[in-house]
> 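I'd like to ask you about the structure that follows.
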Number of protein chains: 2
Amino acid sequence: MRRDVFQAIADPTRRDIIGLIAHRSLNLNAVTGHFDISRPAISKHIKILTQCGLLTIRQKGRDRICEANFKKLNEVSDWVEQYRTFWTNKLDALCDFLDEEATGNKSNQELQK
Amino acid sequence: MRRDVFQAIADPTRRDIIGLIAHRSLNLNAVTGHFDISRPAISKHIKILTQCGLLTIRQKGRDRICEANFKKLNEVSDWVEQYRTFWTNKLDALCDFLDEEATGNKSNQELQK
DNA sequence: TATATTTGCAACCATACGGTTAAATATTCA
DNA sequence: TGAATATTTAACCGTATGGTTGCAAATATA
């Protein structure tokens with residue numbers, strides 16, 4: 001089964017887990033305390049996050065401490081940022097123009113809505 | 001069912017579609033030509049991308065021209081970038097230190113691997 | 001008008017996902 | 001050693017996902 005960062009952060013619970021342990025590592029039980037779902041459910045989310053490298057687990061006695069590994073987010077950042085110029089700067093206008101050229105012209109108005 | 005940008009870009013085919021129409025808007029048939037899956041499969045991907053606002057469709061005769069709407073990627077960018085300091089600069093060391101404090105100290109070596 | 005082209009839609013299928021409960025395992029503590 | 005705690009694993013369930021084929025509908029073209 002596919003297991004990559006994009007798929008891992010697709011689930012809102014998993015994004016919340018990352019946000020939770022960002023500043024403070026927690027054991028699985030403590031993580032579970034912040035959600036309304038069962039411990040095994042959290043355990044599965046943690047496993048997915050671990051498999052894609054977004055999270056590492058440090059065993060400490062019977063506890064398993066979850067720590068975020070943010071370097072992995074670079075993959076997402078890189079993918080998104082390659083398109084940044086398309087939505088932030090003046091290239092927008094150029095893009096629209098090129099689209100007109102490519103697809104054979106039409107009123108631009110419906111693009112606004 | 002949940003329909004948000006994170007879930008939309010989780011699928012590699014959909015990320016490829018976005019990359020494909022980034023510089024040049026295409027009709028659905030042309031998009032399909034770049035993949036090994038059927039037209040209805042592409043149509044479904046396009047629908048998902050449209051529902052979450054990453055893509056708009058402009059009808060032109062019998063063609064439906066797909067255009068990327070990159071502004072929606074801001075949502076992803078914002079989420080990722082809030083963690084950037086955690087993996088790019090000196091705060092890494094501070095974070096590790098705080099983890100030690102919080103979880104009760106242990107060799108830092110296994111964090112490196 | 002007849003035909004080809006582009007697309008949508010319905011029905012279907014196998015598998016993945018996100019969740020549950022219950023039992024098993026491992027560690028700590030009295 | 002026995003009990004409590006933390007977590008994983010297994011079995012299961014309903015629904016979503018990503019794909020298919022076949023057919024209908026709308027538009028363009030000969």
Side-chain angles (χ1 to χ4, degrees), chain A residues 1-21 24-52 54-67 102-106 110, chain B residues 1-21 24-52 54-67 102-106 110:
Chain A
M1 89 205 65
R2 183 165 41 87
R3 193 63 80 210
D4 60 84
V5 186
F6 288 93
Q7 194 249 345
I9 66 170
D11 185 87
T13 303
R14 286 197 287 270
R15 288 199 300 280
D16 287 347
I17 290 175
I18 291 173
L20 200 60
I21 63 174
R24 197 189 208 294
S25 299
L26 294 172
N27 69 354
L28 199 141
N29 229 19
V31 172
T32 305
H34 287 81
F35 298 91
D36 285 336
I37 57 179
S38 68
R39 205 176 300 107
I42 295 289
S43 191
K44 284 183 185 178
H45 283 308
I46 299 276
K47 185 173 224 167
I48 289 170
L49 289 168
T50 306
Q51 284 173 341
C52 80
L54 266 172
L55 198 138
T56 52
I57 291 185
R58 177 171 32 126
Q59 189 89 33
K60 176 152 176 288
R62 62 191 163 183
D63 292 356
R64 310 194 71 182
I65 314 289
C66 305
E67 316 183 316
T103 59
N105 203 43
K106 189 166 189 186
E110 61 246 68
Chain B
M1 88 205 66
R2 183 166 41 89
R3 193 64 79 209
D4 60 83
V5 187
F6 288 93
Q7 195 248 346
I9 65 170
D11 185 89
T13 303
R14 286 197 288 270
R15 289 199 300 280
D16 287 347
I17 290 175
I18 291 173
L20 198 61
I21 63 174
R24 196 188 209 296
S25 299
L26 295 171
N27 70 353
L28 201 142
N29 229 18
V31 172
T32 304
H34 287 81
F35 298 91
D36 284 336
I37 57 180
S38 68
R39 204 178 301 107
I42 294 290
S43 192
K44 284 182 185 181
H45 284 307
I46 299 276
K47 186 173 223 166
I48 288 170
L49 289 168
T50 306
Q51 285 172 340
C52 79
L54 267 171
L55 198 139
T56 53
I57 292 186
R58 179 170 32 123
Q59 189 88 33
K60 176 153 176 287
R62 62 188 164 183
D63 292 355
R64 312 193 72 184
I65 314 288
C66 305
E67 317 183 313
T103 60
N105 202 43
K106 188 166 189 186
E110 60 246 69

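The model shown is predicted, which means the values in this text are computed figures rather than measured ones. Reminder, nothing fancy here: chain letters follow the sequence lines and each chain counts from 1.
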> Using whole Å, report how far CZ of A:R39 lies from C1' of C:dG18.
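Between C1' of C:dG18 and CZ of A:R39: 17 Å.
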> Send over the distance from A:D11 CG to D:dT15 P, rounded to a whole Å.
18 Å
> Determine, step by step, whether B:V31 and B:N27 satisfy the side-chain contact (heavy atoms from CB on, under 4.5 Å) criterion, reporting the C-alpha distance in whole Å, the side-chain angles of both residues, the deciding distance to 0.1 Å, and the verdict.
CA-CA 6 Å; B:V31 172; B:N27 70 353; over 6 Å; no
> So, is A:R64 near the phosphate of D:dT8, with a side-chain N or O under 4.0 Å from OP1 or OP2?
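So the side chain of A:R64 is within the cut-off, an N or O lying under 4.0 Å from OP1 or OP2 of D:dT8.
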> Specify the separation, in whole Å, of atom CD1 of B:I65 and atom C1' of C:dT5.
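Between C1' of C:dT5 and CD1 of B:I65: 14 Å.
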> Send over the distance from A:R3 CZ to C:dA16 P, rounded to a whole Å.
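Going from A:R3 (CZ) to C:dA16 (P), I get 10 Å.
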> Given that B:L28 and A:R14 both sit by DNA chain C, which one's nearest nucleotide is further toward the 5' end?
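Nearer the 5' end of the strand: B:L28.
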> B:I37 CD1 to D:dG18 P: how many Å, rounded?
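Going from CD1 in B:I37 over to P in D:dG18 covers 10 Å.
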> Can you tell which of D:dT7, C:dG19, C:dT7 lies closest to the side chain of A:N29?
D:dT7
> Counting just side-chain N and O atoms, does A:Q59 come under 4.0 Å of either OP1 or OP2 of D:dT7?
no
> Determine, stepwise, if the pair A:R14 / A:I48 fulfils side-chain contact (heavy atoms from CB on, under 4.5 Å).
CA-CA 9 Å; A:R14 286 197 287 270; A:I48 289 170; 3.4 Å; yes
> Of all the nucleotides listed (C:dG18, D:dT7, D:dT17), which has the minimum atom distance to the side chain of B:Q7?
D:dT17
> Rounded to whole Å, how long is the line connecting atom NZ of B:K60 with atom P of C:dT7?
11 Å
> What nucleotide, of C:dG19, D:dA6, D:dT8, holds the atom closest to the side chain of A:S43?
D:dT8
> Spell out, as yes or no, whether a donor-acceptor pair under 3.5 Å connects the side chain of A:T32 to the backbone of A:L28.
yes
> Want to settle it: does A:A41 or B:P40 sit nearer the 5' end of DNA chain C, counting the closest nucleotide to each?
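Mapping each residue to its closest nucleotide by heavy atoms, the 5'-most match is B:P40.
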> With distance as the sole test, does A:D63 use its side chain to make a donor-acceptor pair with the main-chain N or O of A:I65 at under 3.5 Å?
no
> Check whether any side-chain nitrogen or oxygen of A:N27 sits under 4.0 Å from OP1 or OP2 of D:dT7, and answer yes or no.
yes
> Roughly, in whole Å, what's the span from CZ in A:R62 to C1' in C:dC29?
7 Å
> Does A:K47 place a side-chain N or O at less than 4.0 Å from the phosphate oxygens OP1/OP2 of D:dT9?
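Yes.
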> Kindly indicate whether the side chain of B:L26, heavy atoms from C-beta on, has any atom under 4.5 Å from the side chain of B:C66.
no
> Nearest whole Å is fine: how far is C:dT7 P from B:L26 CG?
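It is 10 Å, rounded to the nearest whole Å.
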> Any side-chain N or O of B:H45 below 4.0 angstrom from OP1/OP2 of D:dT17?
no
